[in-house]
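Following: one structure in structure tokens, then a few remarks.
Atom set for the values below is all heavy atoms of this structure, side chains included, hydrogens, waters and symmetry mates excluded. Quantities reported herein were computed from a predicted structural model and do not represent experimental measurements.
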Amino acid sequence: MNKTLLALVLSCFSLGTYASSDLNSLFKQTEPKVIEWRRDFHQNPELGNRETRTAGIVAAHLKSLGMEVETGIAYTGVVGLLKGAKPGPTVMLRADMDALPVTEKTDVPFKSTKTTNYRGVDVGIMHACGHDTHVAMLMGAAEVLANMKNELAGNVMFVFQPAEEGAPQGEEGGAELMLKEGIFKKYKPDVAFGLHITSKLNVGQIGYRSGPAMASADRFEITVKGEQTHGSTPWAGADPIAAAAQIVTGVNHIVSRQINITKEPAIVSFGKIAGGVRNNIIPEQVEMVGTIRNFDMDNRQKIFKKIKTTAEHIALSSGNTADVTIYEGYPVTVNDPKLTEKMLPTLEKVTGKGNLIEMPKITGAEDFSFYAMEVPGLFVFLGGTPKGTDPIDAPSNHSPYFFADESSFKIGTEALTNFALDYMAMAK
């Protein structure tokens, strides 16, 4: 079935007895609430695994819509289940709730003035990545779909997730912990959908990519241990600084010379090297920290092994040792190709022609990837930069000046709602 015919079929059957005008009326009625919720969340941000106030508002809203609601998952996570009147698949829709340790510098009237001590540093708290908008839009979609309960051929699983930006030190969190605590085993979703607002697209645009869309993100630590000696007699010890310099070069050769980057790109970057206290003392050890970004799960494991082998052997060749630790973070975010193809007419229906943008690969990471490893998933990007402003000039996500135009929220709410409606229609 071609895209045009599929779009026509969806427009005819996905709404049951609900006409498009009725659905549009629901979106218009919900839009002011979404904006109000978002402003409130923005003014009252909470860090990962600490989203108690946000989760409480979400849970109360879902309960008011007559849903089965479970709270306290992965610390503060909330799951609501909307059961349709007719049999069909269970569609998962996800929003992340956590803010960032960023001091806000925008001039919006609802700016955050909250502060905290984060890893020993006094800093502000801000929804600098737009998760406040995600929560508000999914609450809006929940209200629209609850109004259509008698027309739904299936169930909708609403997941409000903590700690997408990472759990506090020493804690687990996010999508991985929600799965570990059994939400998929209990609710058994057939597919998972999510979206992320971005400054890289204008309002009215939605970006997508089939297949690997966002990179895996992993951290590595290398401790090079030598033998301390006077800088004037390096032969009397083992120099970990010289070994560390060679390790940087050797590790950078892994991607350029040992990984098939025609399959998928990869990046290895060192972010910190520390060792020594004085100009004429060769220290006992050097500590190195870096990040690995990659778009192929097999290559990911190869890179892990090669970093370890390279560092250990280079260190050994100069009389040093190297201890390598890899901390696995988020996997590659892969949009299921078949699901993506099926949902393109839905996205184009929401955006209109010319506003559905195929995105390049993004070396940032998303823990939606954990869900997409369990069931077919689709994760898209919602334009948040005002029309007439070049996205290149807009402050990026995570910036203290990050800004999301409120006119984008209705579009995001429509996208989330239509993901559920249209997927159910296709499953008939």
Side-chain angles (χ1 to χ4, degrees), residues 34 38 48 51 58 73-74 77-80 82 89-98 127 129-142 145 156-165 173-179 183-184 187 189-198 200-201 206-217 330-337 339-340 342-344 346-347 350-351 356 359 362 364-384 397 404 408-409 411-423:
V34 173
R38 182 271 177 148
E51 307 93 337
V58 167
I73 310 165
V78 180
V79 173
L82 177 64
T90 296
V91 177
M92 173 187 146
L93 303 176
R94 175 268 206 168
D96 37 12
M97 301 188 293
D98 54 324
H127 271 294
C129 202
H131 295 184
D132 53 337
T133 74
H134 303 167
V135 177
M137 288 185 287
L138 189 54
M139 289 173 66
L145 288 165
V156 186
M157 175 187 178
F158 297 91
V159 174
F160 293 85
Q161 178 205 302
E164 190 282 324
E165 299 288 356
E176 187 174 23
L177 185 56
M178 292 197 83
L179 289 170
I183 64 168
F184 273 26
Y187 297 99
D190 293 278
V191 289
F193 295 102
L195 61 74
H196 202 300
I197 199 160
T198 177
K200 301 305 179 186
L201 295 172
I206 289 180
Y208 77 96
R209 184 175 187 84
S210 182
M214 299 184 73
S216 58
Y330 298 166
V332 181
T333 302
V334 179
N335 284 330
D336 183 83
L339 180 62
T340 303
K342 285 181 179 180
M343 302 313 297
L344 288 182
T346 297
L347 292 172
V350 171
T351 63
L356 185 57
M359 301 278 284
I362 296 172
E366 238 292 344
D367 77 347
F368 182 87
S369 54
F370 287 107
Y371 303 126
M373 290 179 70
E374 300 294 324
V375 298
L378 175 59
F379 191 78
V380 301
F381 291 89
L382 175 69
N397 295 59
S408 67
F409 304 162
I411 300 167
T413 303
E414 290 180 14
L416 290 166
T417 302
N418 282 289
F419 277 150
L421 293 175
D422 290 353
Y423 185 82

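Across all non-hydrogen atoms, the minimal contact from V332 to M214 is CG1-O, 3.4 Å. Of all the heavy atoms in T413 and A141, the pair that sits closest is CG2-N, 3.5 Å. In terms of heavy atoms, A420 sits closest to L93 at CB-CD1, 4.5 Å. Closest approach of M137 to S408, counting heavy atoms only: SD-O, 4.4 Å.
Using a 4.5 Å heavy-atom cutoff, the side chains of Y423 and T346 are not in contact. Using a 4.5 Å heavy-atom cutoff, the side chains of H134 and L138 are not in contact. Using a 4.5 Å cut-off on side-chain heavy atoms (C-beta onward), K200 and I362 make no contact. Using a 4.5 Å heavy-atom threshold, the side chains of V159 and Y187 count as separate. Between L201 and I206 there is no side-chain heavy-atom pair separated by less than 4.5 Å. Counting only heavy atoms from C-beta outward, the side chains of M157 and I183 approach each other to under 4.5 Å.
Note that OG1 of T340 and CG of N335 are 4.5 Å apart. Values are rounded to the nearest 0.5 Å.
When atom types are taken as modelled, the side chain of E176 and the backbone of Y330 share no donor-acceptor pair closer than 3.5 angstrom. Put simply, the side chain of D98 gets close to the backbone of E164: a donor and an acceptor are under 3.5 Å apart.
Under the ring pair (Phe, Tyr, Trp, His ring centres under 6.0 Å) criterion, F409 pairs with no residue, sequence neighbours left out.
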Counting only pairs under 3.5 Å, give me each side-chain donor-acceptor contact of residues 366-382, with atom names and distances, residues two or more places apart or in other chains.
from : atom 1 : to   : atom 2 : distance (Å)
E366 : OE1    : R94  : NH1    : 3.3
E366 : OE1    : R94  : NH2    : 3.1
E366 : OE1    : F368 : N      : 2.9
E366 : OE2    : R94  : NH1    : 3.4
D367 : OD1    : R94  : NH2    : 2.7
D367 : OD1    : Q161 : NE2    : 3.1
D367 : OD2    : Q161 : NE2    : 2.9
D367 : OD2    : A175 : N      : 2.9
S369 : OG     : P331 : O      : 3.3
S369 : OG     : E366 : O      : 2.7
Y371 : OH     : Q161 : OE1    : 2.8

